[in-house]
Every structure is written in C-alpha cells, then in structure tokens.
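One structure is given here, and the rest of the page talks about it.
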Amino acid sequence: MSVRPEIPRKNLTELGLADLQALFAEWGEPKFRAKQVYQWVFQKGARSIDGMTNLPKALRQRLSDEGYSVGRVRVGRVAESIDSTRKLAIKLDDGAAVETVLIPMGDGKFSQCLSSQVGCALDCQFCYTGTLGLSRHLTPGEIVDQVLVARDHLPEGARVTHLVYMGMGEPLHNFDGVIGSLERICDPEGLGYSHRKVTVSTSGLVPQIEKLGQTVPVNLALSLNASNDEVRDRIMPVNKRWPIATLMKALRAYPLPPRRKMTVEYVLLGGVNDSDADARRLAELVRGMPVRINLIPWNPFQGPGFDRPADDRVQSFHQILDRQGLTVTVRVTKGLDIDAACGQLGERPTAA
Ligand code: SAH
Ligand code: SF4
C-alpha cells in the first residue's frame, strides 16, 4: 500500500482557497463564494453544506448533488488525565487511527499536539510511535481537522492558542501534507493562527528543514537527543544520513525571524545521554545560536529497555546548561497516566 493517501477531491476539508476558486469559476459562480465556503469550513468549522447559510440554496444544492461534503475526522475515545490533559483518538475514513492531545497551559489556554502520520518510519529507539512503523501520511484536511474537532472537547470558554506538530509521525517526512495544513491553519481567512504560535518538530530531515524555512516561517523544534554521533546513530537511525554537524549547519542557516528562538528538544535517557559531559557537549553544539533547550525526561513504555533519568541527573544537566547562559526548560510531564505524554502516542494492542 502506498504511504501517500489519495486526496478525496470532493471533501471540502481537502480543498484550498485556490481549488474552490477554480471550481466556482468553472461553475460560473462569483469569486467571493469561494472565500465564503472556505471560511465556513476552516474558520467556522461547519459540519455540513446545509449549515452554510449565506450561500444561495441553489449553490448548496449543486454542491451536494455533485457529491461534495464536509468530511470531518471522527473523535473516538477521549481520555482525561488527572492533570486535565486530554487525549483524543481520531478515527480516519479508512479505519486508521491517530491521536491528538490537548495540553492545559493555564488561564483557559491550551496547546494542541497534532499528528501528521499514521505511525512513523524513523524508528527512533526511545519512541513508542516509532515501534509502529509507518502506515501512511495524513492528508492536509486530516491534520487541520484535528484542530476543528477538538474544539468540542475543550472546557467551556477555553481555547487552543498554540499548535505543535509533535504528535504521531515525522511532520517533515509528510512535507506536502503538513504544508497544506499550515496554509489553512495560518491563513487569516482559515483558522487564523499566527506563525508565531505554530511549531513544527523534526527528528532532523535536513533538506526538508531547508525547504520549510523557504516556505513558511513557523517555529522549528529539533529533536537532538544526543550530544555525539555515536549515541545519536544508535538511538536515532536518521542520524546516519544527516549527522549532527550537517544538522547544526542547517539549523544555523534556518531563516528564523528576529527575536525568535528555535527549540532544541533533548530526551534524557538514564545512563545513555544524560551525563555532565553530554551537557557540556550540548552547550558547545548550540553555542551562539538563538535556542531554547527543552529537556524531556524519558516517558517510559515497555520494550526498549531505557530508564527515566534520576532527578538529580536532570538537575545537574540543567544546571550545566544554565551556567553557560542557555535558556533551558524541563518539560513537565503531562498526561503520563493516559499514555498521552511525548513519544507515547499510538494505539496499544488491547488485552484480550
Ligand atoms: N517526529 C517529530 C515529532 C514527534 S515526536 C520529532 O521527532 O521531533 C515529539 C517529541 O517527543 C520529540 O522531541 C521526541 O524526541 C520526543 N519523544 C519521543 N519519544 C519519547 C519518549 N518516550 N519520552 C519522551 N520524549 C519522547
Ligand atoms: Fe518518529 Fe519523532 Fe518518534 Fe522519531 S521521535 S520515531 S521521528 S515520531
């Protein structure tokens, strides 16, 4: 089976503004109708053509008669963590499933973690999603829809202010799908998120990092996770293709807008990459770069044989970076009790 899904051209969540304009030009409709439909789908999150009340009835009828529909992804099980993190199972038309996570940030604000693929091909040894392998890429509509359908699962009055492509999959492996979704997410006529509020996280696909920088000025997060090639080769096979030096060069060249920092994520694996020497090498690697380092103590799952680092290790690692004048945060683990923390996403086989 191809990992590239066929895009259903009659599903309005898969059409961009230009597609709608082309369609309506062909039908002899005025140009502004395209924008109206686009706003219904992406700004107002309409669930049906019938609900698009400012369109003439005849046009709604024609859209339906020609087989167009608003095909939203469906929400399956919703799990809520004791810390209020919510994990939504998202069911796709072909029966595949991904997950999206709503993470509370206080004051009724949430950050939403989006999936970009069913599974992942990159095989990072510490990541549960990696153990699933890649089934397929998500379509642009399936990515954007995660944001629209999640609105029903927020507490009253709350809203999603930040979007992070840190769910299942490697976003830059599904480059076209992710760019298609970003166009609608960052379009004022679409979901209207500022580029500053959107972050794409990557394991380090160098050519696509360069391409992303030339296409949309979103925030970039790099999953570095090791301070030398020997360890990174072992835990992230992608490193054999684009080793650390090549990667850092691409990051230094990334056209980051002024006053913005990129994020370097570093999953701490007890006894593997969490020594003081690792911290010093990491500081050396990012010297002079506008970065924020995000330390993520490993979230466990059964199988790979890693350990969560001891608390004093995390502290010592943090301190060394801090003393070098670097901006460092330790990611507070959220949603651990519902397998919604970083790297834990993906359906578990249910016990018989
Ligand atoms: N594929 C992208 C985005 C999804 S992974 C990427 O790799 O960046 C999101 C983040 O979770 C990455 O920084 C990854 O290193 C981290 N991660 C993966 N498995 C983890 C685990 N078990 N515990 C903690 N962090 C993990
Ligand atoms: Fe894929 Fe990211 Fe997990 Fe690596 S860490 S296997 S790139 S999802």
Side-chain angles (χ1 to χ4, degrees), residues 3 85 98-101 103 111-138 143 146 163-175 177-178 181 198-206 208-209 212 218-227 231-242 247 251 262-270 272-274 282 291-309 314 329-336 338-346 348:
V3 297
T85 298
V98 291
E99 290 171 344
T100 183
V101 183
I103 305 152
S111 171
Q112 184 173 359
C113 184
L114 302 176
S115 289
S116 56
Q117 297 180 311
V118 182
C120 184
L122 276 97
D123 200 24
C124 303
Q125 298 300 297
F126 48 83
C127 172
Y128 183 75
T129 308
T131 66
L132 304 173
L134 177 67
S135 300
R136 69 167 175 90
H137 297 318
L138 296 190
I143 300 173
Q146 294 171 48
L163 296 172
V164 295
Y165 285 69
M166 293 185 189
M168 291 171 70
E170 165 52 51
L172 296 188
H173 184 202
N174 178 12
F175 193 82
V178 165
S181 68
V198 180
T199 302
V200 170
S201 175
T202 179
S203 58
L205 308 186
V206 165
Q208 284 86 339
I209 291 175
L212 180 72
V218 288
N219 298 314
L220 188 67
L222 173 80
S223 301
L224 186 58
N225 302 340
S227 70
V231 175
R232 201 166 191 268
D233 277 351
R234 193 146 52 81
I235 62 174
M236 298 182 73
V238 65
N239 196 63
K240 292 180 194 141
R241 184 85 181 270
W242 293 292
L247 194 51
L251 289 191
M262 62 178 82
T263 304
V264 170
E265 295 159 289
Y266 195 99
V267 177
L268 288 165
L269 305 163
V272 174
N273 65 358
D274 65 343
L282 172 57
V291 295
R292 153 185 332 110
I293 297 178
N294 195 208
L295 301 176
I296 319 174
W298 185 61
N299 295 316
F301 60 92
Q302 265 203 333
F306 293 118
D307 294 312
R308 225 173 137 82
V314 178
T329 49
V330 178
R331 191 173 296 178
V332 182
T333 303
K334 292 207 169 159
L336 202 61
I338 53 168
D339 287 335
C342 289
Q344 294 190 312
L345 298 187
R348 302 289 190 277

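Order of listing sets the numbers, starting from 1, for every ligand and every atom in it.
- Within ligand 1, the atoms closer than 4.0 Å to a non-hydrogen atom of Asn225 are 15 (O), numbered from 1 in the order shown.
- Between the side chain of Gln146 and the backbone N or O of Ser115 there is at least one donor-acceptor pair closer than 3.5 Å.
- Glu265 places no side-chain N or O within donor-acceptor distance of the main-chain N or O of Thr263, the cut-off being under 3.5 Å.
- For ligand 1 and Asn299, the ligand atoms under 4.0 Å from any heavy atom of the residue are 21 (C), 22 (N), 23 (N), 24 (C).
- Among Gly169, Ser203, Ser115, the residue whose heavy atom lies nearest to atom 3 (C) of ligand 1 is Gly169.
- Within ligand 1, the atoms closer than 4.0 Å to a non-hydrogen atom of Cys127 are 18 (C), 19 (N), numbered from 1 in the order shown.
- Of all the atoms in ligand 1, the ones that sit under 4.0 Å from a non-hydrogen atom of Thr202 are 6 (C), 8 (O).
- Of the N or O atoms in Tyr165, none lie within a sub-3.5 Å distance of an N or O in ligand 1.
- With no hydrogens or angles considered, a side-chain donor-acceptor pair links Thr100 and Gln112 at under 3.5 Å.
- Between the side chains of Ser181 and Tyr165, at least one donor N or O lies within less than 3.5 Å of an accepting N or O.
- Not a single donor-acceptor pair under 3.5 Å links the side chain of Arg232 to the backbone N or O of Asn225.
- With contacts defined as side-chain heavy-atom distances shorter than 4.5 Å, the pair Thr199/Met166 qualifies.
- When side chains are defined from C-beta on, Ile235 counts as touching Leu269, because their heavy atoms get closer than 4.5 Å.
- Listed by chain and number, the protein N, O or S atoms at a distance under 2.8 Å from atom 4 (Fe) of ligand 2 are Cys124 SG.
- Atoms of ligand 1 found under 4.0 Å from any heavy atom of Ile296, numbered from 1 in the order shown, are 24 (C), 25 (N).
- Contact annotation: Gly167 has at least one heavy atom less than 4.0 Å from an atom of ligand 1.
- In summary, the side chains of Glu170 and Thr202 do present a donor paired with an acceptor at a separation below 3.5 Å, with no hydrogens or angles considered.
- A ring-centre distance under 6.0 Å is not found for Trp298 and Phe126.
- Judged by distance alone, the side chains of Asn174 and Arg136 never bring a donor and an acceptor atom under 3.5 Å apart.
- In summary, the side chains of Asn294 and Thr329 do present a donor paired with an acceptor at a separation below 3.5 Å, with no hydrogens or angles considered.
- Closest heavy-atom contact between Ser116 and Gly169: OG-C, 3.7 Å.
- For atom 2 (C) of ligand 1, the choice among Ser116, Cys120, Cys113, Ser201 with the nearest heavy atom turns out to be Ser201.
- An N or O contact shorter than 3.5 Å is missing between Tyr128 and ligand 1 by distance.
- Between Phe126 and ligand 1, at least one N/O pair is under 3.5 Å apart.
- What sits closest to atom 8 (S) of ligand 2 on the protein, heavy atoms only, is Gly169 O, 3.7 Å.
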